[in-house]
Asker: 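Got a structure here, written out as structure tokens. Questions coming.
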Amino acid sequence: MRRTGSYSATSALAVLFLFPLVWSGWSSMKGQPGSGQTSGYGFGNYSRMAQFGEGLTAYLTNSLLVSAMTVAGTLVVSALGGYAFARFAFPGKNLLFLATLAILMVPYATILIPLYVLLGKIGLQNSLVGLSLVFVMFQLPFALYMMRNSFEAVPRELDESALVDGCGTFRAFTLILLPAVRPGLVTVGLFAFLASWNDFLAPLILLNDGASFPLPVAVWSMTQRTFGAIDYGMLEAGVMVMAIPCLLLFIVLQRYYVRGFMSGALRG
């Protein structure tokens, strides 16, 4: 009875969470008056969406570039920082770590305008590189916490034996410790990708060139139609294009994601 209740509850939750995705997929292919698919079912809405504005290829490329730079920057900084916080003692270590975590206490929207001004002063305003740096900054508290705990879960004897065998500190870090914390790295990278791929507010404020817009801003632009008429078929097609990469990536990396939380993130 307990197992039946558990299966029933999880099945109900699965249906609840999958329903919006299935509805969007059905609506994106259903024929609607005034849309790219006027009758029956097909990919007419996707064809119209691919030609919207600067074109789907440009928006996809922008989103992929921003996400790739965000993931790479977050992984490099969090891996090095987590290793330092877990393995080395230095003055102000705990204070610096708490200061990094304090970023979480600052409301996200309140510092976008100051960041916009700062990016303008360093020549990165209206730049995908500047946008990715903002995303990296907001990912650092969680990423550093995750990687510090992941490194602390690895026995110190592992890297000490590597040092005895002749490995330098950096070589032991790259060859011994990084493979040991791979689940934590995958979890941090997945969170960084999802945050940068789906974020709408930061690109809307920090970018002002339509050719630089990522997918979320492009999909929002599809609602700005003449006389308030919205092509919901094309809009739902854009939602599906945004959702499918996240869904596939999560399914592929699910075992690493769960293992990363269990091995390192919940430690302490």
Side-chain angles (χ1 to χ4, degrees), residues 62-90 93-94 96-104 108 128-163 165 167-199 202 214 242-268:
N62 293 336
S63 289
L64 288 173
L65 285 175
V66 171
S67 298
M69 289 187 289
T70 301
V71 170
T74 303
L75 287 177
V76 170
V77 176
S78 64
L80 293 173
Y83 176 62
F85 281 118
R87 287 295 193 261
F88 299 107
F90 51 87
K93 170 183 172 180
N94 294 330
L96 180 60
F97 187 71
L98 290 176
T100 305
L101 293 182
I103 298 176
L104 293 173
Y108 177 59
L128 297 181
V129 175
L131 179 62
S132 64
L133 289 176
V134 172
F135 286 145
V136 170
M137 181 193 70
F138 281 108
Q139 287 300 305
L140 276 184
F142 166 77
L144 275 177
Y145 177 81
M146 182 80 178
M147 294 313 303
R148 187 197 69 166
N149 289 347
S150 296
F151 281 114
E152 287 181 345
V154 178
R156 288 181 176 268
E157 291 78 10
L158 190 63
D159 43 318
E160 289 174 355
S161 62
L163 295 175
D165 290 338
C167 281
T169 302
F170 185 74
R171 191 176 179 188
F173 167 73
T174 55
L175 298 181
I176 306 298
L177 292 179
L178 282 184
V181 297
R182 185 180 303 168
L185 290 171
V186 172
T187 303
V188 167
L190 183 60
F191 267 79
F193 174 83
L194 294 177
S196 57
W197 181 268
N198 293 315
D199 194 276
M242 286 180 55
I244 288 176
C246 299
L247 183 63
L248 293 177
L249 191 63
F250 183 81
I251 292 174
V252 171
L253 300 177
Q254 181 182 12
R255 61 192 183 101
Y256 295 104
Y257 167 77
V258 174
R259 192 185 306 168
F261 266 116
M262 297 302 294
S263 64
L266 302 181
R267 177 181 171 85

Asker: Checking side chain to side chain contact (heavy atoms under 4.5 Å, CB included) against Leu131, which of Val136, Asp199, Val66 comes through?
Answerer: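 Checked Val136, Asp199, Val66 against Leu131; only one passes side chain to side chain contact (heavy atoms under 4.5 Å, CB included): Val66.
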Asker: Can you name the closest pair of heavy atoms from Leu163 and Ala172 and give their distance?
Answerer: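 So the two residues come closest at CD2-CB, 4.4 Å.
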Asker: Between Met147 and Leu185, is there a side-chain heavy-atom distance shorter than 4.5 Å?
Answerer: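 Answer yes - side chains close enough.
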Asker: For residues Phe151 and Leu178, determine if any side-chain heavy atom of one lies less than 4.5 Å from a side-chain heavy atom of the other.
Answerer: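 In contact.
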Asker: Heavy-atom count around Phe170 CZ within 6.0 Å, excluding the residue itself: above 12?
Answerer: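 Atom CZ in Phe170 is not packed in, count stays at 12 or less.
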Asker: Provide the closest heavy-atom pair for Arg156 versus Ala86 in the form atom of the first, atom of the second, distance.
Answerer: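 Closest heavy-atom pair between Arg156 and Ala86: NH2-O, 2.9 Å.
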Asker: Quick one: side-chain contact (heavy atoms from CB on, under 4.5 Å) partners of Pro141, sequence neighbours excluded?
Answerer: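 Residues passing side-chain contact (heavy atoms from CB on, under 4.5 Å) with Pro141: Leu101, Ile103, Leu104.
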Asker: I need the minimum non-hydrogen distance between Lys93 and Phe88, along with the two atoms involved.
Answerer: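 So the minimum-distance heavy-atom pair works out to NZ-O, 3.1 Å.
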Asker: First locate atom CG of Leu128, then atom CE of Met69, and finally report the distance between them rounded to the nearest 0.5 Å.
Answerer: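 So the CG of Leu128 and the CE of Met69 are separated by 5.5 Å.
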Asker: Assign the ring pair Phe142 / Phe191 to parallel, tilted or perpendicular, where the plane angle (0 to 90°) is split at 30° and 60°.
Answerer: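 Ring orientation, 0 to 90° scale: tilted.
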Asker: Give the ring-plane orientation class for Phe90 versus Phe85, where under 30° counts as parallel, over 60° as perpendicular and anything between as tilted.
Answerer: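 If you compare the ring of Phe90 with that of Phe85, the planes turn out tilted.
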Asker: Roughly how far, to the nearest 0.5 Å, is the CE atom of Met146 from the CG atom of Leu144?
Answerer: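 Going from the CG atom of Leu144 to the CE atom of Met146 covers 12.5 Å.
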Asker: Taking side chain as C-beta onward, heavy atoms only, is Phe135 less than 4.5 Å from Phe193?
Answerer: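 A side-chain contact is absent here, since even the closest heavy-atom pair is not under 4.5 Å.
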Asker: Could you measure the distance from the CG atom of Leu247 to the CE atom of Met242? Nearest 0.5 Å is fine.
Answerer: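 If I round to the nearest 0.5 Å, the distance is 13.5 Å.
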Asker: Applying side-chain contact (heavy atoms from CB on, under 4.5 Å), name anything that partners Leu64, two or more places apart in sequence or on another chain.
Answerer: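 So Leu64 forms a side-chain contact (heavy atoms from CB on, under 4.5 Å) with Trp197.
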Asker: Not counting sequence neighbours, list each pair that qualifies as a side chain to side chain donor-acceptor pair (under 3.5 Å) and has a residue in residues 62-89.
Answerer: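 Output for this query lists Ser67-Ser196, Arg87-Asp159.
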